[in-house]
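Structure record follows, encoded as structure tokens.
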Amino acid sequence: MAYRPEEIEPKWQNYWEENHTFKTPDDFQKPKYYILDMFPYPSGSGLHVGHPEGYTATDILARTKRMQGFNVLHPMGWDAFGLPAEKHALKTKTHPEASNRKNIDNFRKQLKMLGFSYDWKREINTTDPSYYRWTQWIFLQLYKKGLAYPSDAPVNWCEELKTVLANEEVQDHVDQGYTVVKRPMRQWMLKITAYAQKLLDGLDDLDWPVHLKEMQRNWIGRSEGCTAFFALDGLTESLDIYTTRPDTMFGASFMVIAPEHPLVDKITKPAHKQDVDLYRRQASLKSDLERTELQKEKSGVFTGGYAINPLTGKKIPVWISDYVLISYGSGAIMAVPANDDRDYEFATKFGLEIVEILEGGELPKGAIVQRVGGTIINSQNSELNLNGLNVSEAIEKTILWLETAGLGKRTIQYKLRDWLFSRQRYWGEPIPILYTEQGEQIAIDEADLPLVLPDVESYEPSGTGESPLATIDSWVNYTYKGIRGKLETNTMPQWAGSCWYYLRFISPDCQHRFVDEEAEKYWMNVDLYLGGAEHAVLHLIYARFWHKVLYDLGLVSTSEPFKKLFNQGMILGEDGQKMSKSLGNVINPDDIVARFGADSFRLYEMFMGPLDRVKNWNTDNITGLSKFLRRIWSLVEDDHGNAVTFCSQDSLETLRVLHRTIRDVTADIDRLYFNTAIAKMMECLNEFKKQEALSKSSVETLLILLSGFAPHICEELWQKLGHSSSISQCIWPVANEEYLIENMVTLVIQINGKVRDQIQITPGLNQEECLKMARASEKVQKYLEGKEPVKVILVPDKLLNLVVK
RNA sequence: GCGGAUGUGGUGGAAUUGGUAGACACGCCAGACUUAGGAUCUGGUGCCGUACGGUGUAAGAGUUCGAGUCUCUUCAUCCGCACCA
């Protein structure tokens, strides 16, 4: 029989399912390995070729680790709350749960078609009440700790989606063409800022890609500086500003406050009120994008008010401008035009004073922004002299002086904002909070969870910016423990369910706790977490936050959830562009599997290149992998379906190749170099095919190495070789050192760094012996021309370089 | 603008610590075979040159006996951040 993937692949998928081959035993004695894929959102369009890339990589590792004696946790589930299902429900008037189930069934079928070794008994779904019961429970833990609170601050409102968005989501939506505006609304916030420092510090010990850690660091955005209190001329209030450069304070020649700053009305003098009000109105109408447009010219108006520079005692004007953001620091700055490009631009546009405070400036060409190395000038009052100091000395000295004078204090600022956690949506976890008729807010008892989503007629958001739940009186009006009240109608964002799903996989059926305590201690933390980089500052920072809260509450045993993280690179279409329906360059895994089989597909995705690199799809290249599998097949059975005859003893050469392959493939899998692992198995096969005959054991060993990559064909051939149990139950081979030692090695001979000859030597020859052998070579003699080398370099068993003048 | 990464044949890509550049595969060329297939097998294939040889890892310089690998400069591509005071 020839190799027919379409016959053997379903056969083995059924076998694995019927025999529960990949069920993870609750055996806490064995060493464990928790290998996690980012679980998918089950969209209506099914898997694309990007999903199997990461899933194949983790599957190879999972299968290999099992054979290496680890108890492997390798689960899969569905991140199924979210907007697309709700939009579909709006369009078709079907319950999101129905379309969800259909999509999940399709995803599951596709994943099984690819032969992944998930423990399907642990499958979870974030929209299942038995799951979101615990999402709500964790929310209540945050609530009780004061980390979840309602707020009336302006939020990011998306007009088209009729819902609010978290800061982390805004950019993405704007890129997709949505309009996002600031609008004040009462919303639930999670106090992620309380964990800013912990989230930052935790990054140091994580084995994550550098760029990803860097993105999180930037997002958290820690900076060190000081708050200074500027007295306001004629007012009792002071204007507090944050600066990282107090050393430049002598050069502060005006102040700028954000249009939304609470002191604007007080500072503004009647003569300027009209201008200021107009400016504020214009600013409030601009979207965030317009306001932060970079190339935009600076705008602003004078308030008529003055502040006092605490160092110089001089009166300086206070302006308002939208280049100062209300959401960062105190929403007000001291402007030092000599030292800051933005302030410089503003000062020159409006003719404001520029005071030079750093030596070597080239005013009026532009500001000098120097963090280090600059020398300070013009900075002296009766008590404080910064002249001649370098920047860091001057910063320290100024902060100390301000603190002593009661005019300021050392401050650490973060860019990270609290997490906007409620959405005006139906298809999400209800927030388990009740508002009594007295306006009190009470949490539903943990024992009464889950608070289940009601069925609704219409999924249309109410026009008022409230969730569809607000229109269901029978659900909203709620009597709880004899108290009449109204339930919170906002739901949680899609990110909620994915904040802790990796914990639920550990004990998906646990009824008394969100995760079984003993099992959690055994399985955590995740040894390898693999997924796309698009979650860098969303899912990955939210999940770390929840985990750290749970850790501080003593509910989990590790301070970080994902010890090692890896991003697979995107797979682009054959045209080198991102796959999209509109470009018509989408490759469907179903088609590829139908044409070539799942094993070839898996191998191809791994052979394309390094896992983390962006790669172009090329269907033609799959043929190479198909051919490889057919040649593997021929090791066991010939074209006519006859069993191949094995020999009893392999040649030494065969054993050398085999054991080198064992060593290299094992190492490559370990460091996720799947492309080179496959290349080495190909080399091994090429060598095998040159042999007259092979031993059964050598063929079996190669099959075991390959079985993580192409599991179906390996199972089939394993069975043909007479085994009755699954190849996945084999023990991973170990290279025998005896066969790794070479009896002859190639010594490269260079003359002046150029390769002139290669000779075979026995390993371990010293320089003198090598030189003697080299001199025997005709080619070498030709280049030496009787001259003596002035220098000889020997890299033992590799290279001999002779330097001749 | 700032930060990060990458740059190797016609193509995808190999090359722990500086030590034979181009493994493996696609494609292409030549040949064999046939149950004519989306086959299989054998050989070749960086570039220039008939051979000896020369040359070659984005460009340029440097360190070194020796550089794809280390240092500096420049260029290109990709990704992230972007008025964060």
Side-chain angles (χ1 to χ4, degrees), chain A residues 2 171 209-215 217-219 221-223 225 241-245 248 256 291-296 298 321-325 327-336 339-343 345-346 413-417 533-534 536-537 567 569-570 595-596 603-604 607-610 612-628 630-631 634 639-640 667 671 673 675-686 689 746-758 779 782 789-796 798-804:
Chain A
Q171 189 58 51
V210 272
H211 69 274
L212 216 137
K213 287 206 217 182
E214 214 38 49
M215 277 166 77
R217 287 198 186 99
N218 286 339
W219 191 260
R222 180 191 154 108
S223 77
I241 58 100
Y242 172 73
T243 179
T244 55
R245 296 296 304 274
T248 65
V256 186
R291 279 184 60 161
T292 55
E293 196 119 38
L294 231 62
Q295 259 49 1
K296 183 191 74 167
K298 293 270 177 293
S321 170
D322 62 5
Y323 85 89
V324 173
L325 310 172
S327 56
Y328 185 75
S330 60
I333 61 156
M334 64 171 194
V336 185
N339 191 241
D340 183 288
D341 286 325
R342 298 154 302 179
D343 298 345
E345 202 189 315
F346 196 81
Q413 277 287 335
Y414 300 92
K415 283 199 271 181
L416 186 71
R417 303 268 68 93
E534 65 274 18
V537 294
N567 293 127
M570 218 194 315
R595 280 174 68 185
F596 302 96
L603 273 174
Y604 170 63
F607 192 65
M608 285 175 87
D612 55 356
R613 202 103 50 103
V614 177
K615 298 165 280 264
N616 291 7
W617 181 268
N618 183 347
T619 302
D620 288 344
N621 286 346
I622 304 178
T623 55
L625 286 306
S626 281
K627 196 165 126 187
F628 169 62
R630 277 195 297 273
R631 279 157 61 84
S634 74
D639 291 348
H640 308 288
R671 43 180 203 163
Y673 280 29
N675 55 332
T676 54
I678 294 168
K680 278 157 193 160
M681 289 187 280
M682 286 173 165
E683 274 184 89
C684 179
L685 175 65
N686 290 344
K689 294 296 272 183
T746 305
L747 184 76
V748 170
I749 298 166
Q750 297 185 334
I751 313 287
N752 291 338
K754 284 186 198 276
V755 178
R756 295 305 179 190
D757 201 6
Q758 301 172 15
K779 289 183 190 168
K782 190 179 130 199
V790 292
K791 192 169 181 180
V792 179
I793 294 113
L794 177 73
V795 182
K798 275 193 171 169
L799 177 139
L800 181 75
N801 188 15
L802 307 178
V803 185
V804 189

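All values reported here derive from a predicted model rather than from experimental measurement. Chain identifiers are assigned alphabetically (A, B, ...) following the order of the sequence lines, protein sequences preceding nucleic acid strands; residue numbering begins at 1 within each chain.
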Worksheet entry | Nearest-nucleotide comparison on RNA chain B, the residue closer to the 5′ end among A/Y323 and A/Q758 | A/Q758
Discussion item. Heavy-atom nearest nucleotide on RNA chain B for A/V537 versus A/V324: which residue maps closer to 5'?
Written reply: A/V537
Between [N] and [M], how many Å separate the two [atom1] atoms, rounded to a whole number?
| N | M | atom1 | result |
| --- | --- | --- | --- |
| B/rA67 | B/rG19 | P | 11 Å |
| B/rC47 | B/rG9 | C1' | 9 Å |
| B/rA58 | B/rA39 | C1' | 41 Å |
| B/rU71 | B/rU17 | P | 13 Å |
| B/rA15 | B/rU69 | C1' | 10 Å |
| B/rG62 | B/rA85 | C1' | 41 Å |
| B/rG10 | B/rG27 | C1' | 7 Å |
| B/rU16 | B/rC65 | P | 24 Å |

Worksheet item: Relative to each other, are the rings of A/Y604 and A/W617 parallel, tilted or perpendicular (30° and 60° limits)?
Response: perpendicular
Can you find a side chain N or O atom of [X] that sits less than 4.0 Å from OP1 or OP2 on [N]?
| X | N | result |
| --- | --- | --- |
| A/K754 | B/rU55 | yes |
| A/N616 | B/rG12 | no |
| A/Y328 | B/rA85 | yes |
| A/N339 | B/rA85 | no |
| A/R756 | B/rG54 | yes |

Tell me the interatomic distance from [X], atom [atom1], to [N], atom [atom2], rounded to whole angstroms.
| X | N | atom1 | atom2 | result |
| --- | --- | --- | --- | --- |
| A/F346 | B/rA85 | CZ | P | 18 Å |
| A/D757 | B/rG53 | CG | P | 10 Å |
| A/D340 | B/rG1 | CG | P | 18 Å |
| A/L325 | B/rC83 | CG | C1' | 6 Å |
| A/K680 | B/rA23 | NZ | C1' | 9 Å |
| A/K615 | B/rC26 | NZ | C1' | 17 Å |
| A/N567 | B/rG80 | CG | P | 12 Å |
| A/N618 | B/rA25 | CG | C1' | 11 Å |

Discussion item. Tell me if a side-chain donor or acceptor on A/D343 pairs with a main-chain N or O of A/V336 at a distance below 3.5 Å.
Written reply: yes
Discussion item. I'd like to know if the side chain of A/R631 reaches the main chain of A/L685, judged simply by a donor and an acceptor atom lying under 3.5 Å from each other, with no hydrogens or angles considered.
Written reply: no
Check nucleotides 65-67 of chain B against the protein and report each pair of N or O atoms closer than 3.5 Å, with its distance, or say if there are none.
residue, atom, partner, partner atom, Å
B/rC65, OP1, A/K791, NZ, 3.3
B/rC65, O2, A/N801, ND2, 2.4

Which of the following nucleotides, [options], is nearest to the side chain of [X]?
| X | options | value |
| --- | --- | --- |
| A/E214 | B/rA14, B/rC24, B/rG3 | B/rG3 |
| A/P610 | B/rA14, B/rA25, B/rA82 | B/rA14 |
| A/H211 | B/rG4, B/rU20, B/rA25 | B/rG4 |
| A/E683 | B/rC24, B/rG19, B/rA15 | B/rC24 |
| A/R613 | B/rA82, B/rG13, B/rG19 | B/rG13 |

Discussion item. side-chain contact (heavy atoms from CB on, under 4.5 Å) for A/K627 and A/T623? Distances and angles first, verdict last.
Written reply: CA-CA 6 Å; A/K627 196 165 126 187; A/T623 55; over 6 Å; no
Heavy-atom pair with the smallest gap, counting every atom of [X] and [Y]:
| X | Y | answer |
| --- | --- | --- |
| A/I241 | A/S330 | CA-OG, 3.4 Å |
| A/T248 | A/R245 | OG1-O, 2.8 Å |
| A/K615 | A/M608 | CD-CB, 3.6 Å |
| A/T244 | A/S223 | CG2-OG, 3.8 Å |
| A/V537 | A/M215 | CG1-O, 3.8 Å |
| A/L747 | A/V795 | CD1-O, 4.4 Å |

Worksheet item: Should we say atom NZ of A/K798 is surrounded by more than 12 heavy atoms from elsewhere, each under 6.0 Å from it?
Response: no
Item to complete: Give A/N675 one of three labels, base, sugar-phosphate or nothing, depending on what nucleic acid heavy atoms sit under 4.0 Å from its own.
Response: sugar-phosphate
Item to complete: Can you check whether any acceptor in the base of B/rC83 is under 3.5 Å from a donor in the side chain of A/K298, or vice versa?
Response: yes
Worksheet item: Salt bridge check: are A/E683 and A/K680 linked by an N-O gap of less than 4.0 Å?
Response: no
Which atom pairs link the protein and nucleotides 34-44 of chain B when you take only N or O atoms and keep those under 3.5 Å?
residue, atom, partner, partner atom, Å
B/rG38, N1, A/R595, NE, 3.4
B/rG38, N1, A/R595, NH2, 3.2
B/rG38, N2, A/R595, NH2, 2.7
B/rU40, OP1, A/R630, NH2, 2.9
B/rC41, OP1, A/R631, NH1, 3.0

Worksheet item: Syn or anti for B/rG9, taking syn as within 90° of 0?
Response: syn
Discussion item. Does A/K298 qualify as a cation-pi partner of A/F346, given the criterion of NZ or CZ under 6.0 Å from the six-membered ring centre and within 45 degrees of its axis?
Written reply: no
Response to the item:
The correct list of stems in which RNA chain B takes part (3 or more consecutive Watson-Crick or G-U pairs, distances under 3.5 Å) is B:1-7 with B:75-81, B:10-12 with B:24-26, B:27-32 with B:40-45, B:46-48 with B:53-55, B:58-62 with B:70-74
Worksheet item: Between A/L794 and A/L800, is a side-chain contact (heavy atoms from CB on, under 4.5 Å) present by the stated rule, with each step listed?
Response: CA-CA 5 Å; A/L794 177 73; A/L800 181 75; 3.7 Å; yes
